[in-house]
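So the structure is just underneath, and the comments pick up after that.
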Protein chains: 2
Amino acid sequence: MVEKLAEKGKVRLSQQTIVAAAAELFARNGFGATSLDDMATALGVTKGALYYHVKNKEEILRLIFLQVLTIAEEPLRQIVESKIDPAEKLAQAISHHTAVAADRSPQMIVFYREQVHLTGPFSREISHRKKTYESYFEQIIEEGIAAGQFRAEVDPKIATFGILGMCNWLSQWYKPGGTYTPTQIAQFFSQLVEGGLLVSRTS
Amino acid sequence: MVEKLAEKGKVRLSQQTIVAAAAELFARNGFGATSLDDMATALGVTKGALYYHVKNKEEILRLIFLQVLTIAEEPLRQIVESKIDPAEKLAQAISHHTAVAADRSPQMIVFYREQVHLTGPFSREISHRKKTYESYFEQIIEEGIAAGQFRAEVDPKIATFGILGMCNWLSQWYKPGGTYTPTQIAQFFSQLVEGGLLVSRTS
DNA sequence: ATAGAATTTGAACGGCTGGTCAAAAATTCA
DNA sequence: TGAATTTTTGACCAGCCGTTCAAATTCTAT
């Protein structure tokens, strides 16, 4: 059912390689439907070997979540704190988030699909960090409204959910080597969010 | 682990009630992590009883997918074929899609998360109907560009993915009884997509 | 009331799951 | 080389999974 990835013998087994292989399998088949045997087969080893590098199945999932957050959080924080105008901040934030979604798309799919399988305090920590991440976007929009750059009728929370939804959805359809690069897609999204579709506006 | 829903004894067991309960459990815990015992418990019956109404677990999943498509497809088709201007069409399409995402949110979560667990030709049929559904949005945007109402630089495919991502994401955060109704949220989304965030534009 | 049909039960099944572990193999380094 | 260490094996376990089915129950209509 799960074909072997083209990694047999090439790479040394480690937490990193396990997590990478698991992310692809979880993204393709779901966390619950991916067995440790599937992962072992994909890596060209036996199930038991995995347990030398990893405590259990859930830890693999935890490591995927941490990887996503490690990549995503810090650059966004820097964008928010930089001293450029809000519209440019938003464009950079969209560009950053789109890039993460595009080149870590298995991890992103897992991140937004499988949190339900995290248990205990770790799941709550993820929820909290997700909220913080979202709040950065909210801040940028509020800033833009306060500066008179964004329309005052905009609800920052709804707009944030809209923008993040737009970017996150990318991992559902983006395939490397398509018509557009992640950078170009991010530009399209920025134009759409900032300028809208209409040629002219009345407000 | 899975608490009983407040349905015990109240409703008669049927395909419909099974599908409804399953949708909530699948949405909350995932298809793979939801056992038939979980569903039976939630409905106040034993596992065996389910098999009188349903062929197997995958059929339950299939019925959820069909339910979503049955609700979503036809109204959108009518909007596309109606003789109103593209901007208004888009607003109505967004409103329609948002409404579906909001008041069938368990089913929508399952629809976009668990297709991987469908097997055989049915999965391909769903993919095809999904694509057709997306193409309706593309059509509206192309129409708007052709009519000179939408900006010519817009890529209809990317814009469609963006809009659908925005709406679909709703099922991840929307809770009935929040600050805004689905109708209001749809209006926000329409404004965002059509007019953008910026107060003024140069193009 | 009672026959007949519709529905539910509860036990049983084979298979797969995540996890464990002593022994074997591979690697490292003096 | 060869001893010490790191890594992998492969067999094993207990438990849960989806599914089946004969028997028991409940419902329906006369």
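Residue numbering restarts at 1 for every chain, and letters A, B, ... go by the order of the sequence lines. Every value quoted in this text rests on a predicted model; they were computed, and no experiment measured them.
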Between A:D37 and B:L13, the residue closer to the 5' end of DNA chain C by nearest nucleotide is B:L13

Any chance the side chains of A:Q191 and A:Q187 put a donor and an acceptor closer than 3.5 Å? no

Counting only heavy atoms not in B:K157, do more than 12 sit closer than 6.0 Å to its NZ atom? no

Just the endpoints, please: which first and last nucleotides of DNA chain D, 5' to 3', lie under 4.0 Å from a heavy atom of chain B? D:dC17 to D:dT20

Decide, yes or no, whether a salt bridge links A:E134 with A:K130 under the criterion of side-chain N to carboxylate O below 4.0 Å. no

Rounded distance (Å) that lies between atom P of C:dT8 and atom OH of B:Y52: 8 Å

List the protein contact pattern of nucleotides 19-26 of chain C with one symbol per nucleotide (5' to 3'): B for base contact, S for sugar-phosphate-only contact, - for none; contact means a heavy-atom distance under 4.0 Å. BB------

Between A:R77 and A:E73, is there a salt bridge with N-O shorter than 4.0 Å? no

Side chains of B:H128 and B:E125: is there a donor and an acceptor less than 3.5 Å apart? no

Base, sugar-phosphate, or nothing for B:S14, non-hydrogen atoms under 4.0 angstrom? nothing

Sort and list the pairs that fulfil side chain to side chain donor-acceptor pair (under 3.5 Å) and have at least one residue in residues 59-71 of chain A, not counting sequence neighbours. A:Q67-A:Q107

Modelled atom types, side-chain donor and acceptor of B:S127 and B:Q115, under 3.5 Å: yes

Here's one to test your reading of the geometry: is the NZ or CZ of B:K57 within 45 degrees of the ring axis of B:Y51 and under 6.0 Å from its centre? no

Compare side-chain N and O positions of B:H53 against OP1 and OP2 of C:dA6 and report whether any pair is under 4.0 Å apart. no

Tell me whether the OP1 or OP2 atom of C:dT7 has a side-chain N or O from B:R12 closer than 4.0 Å. yes

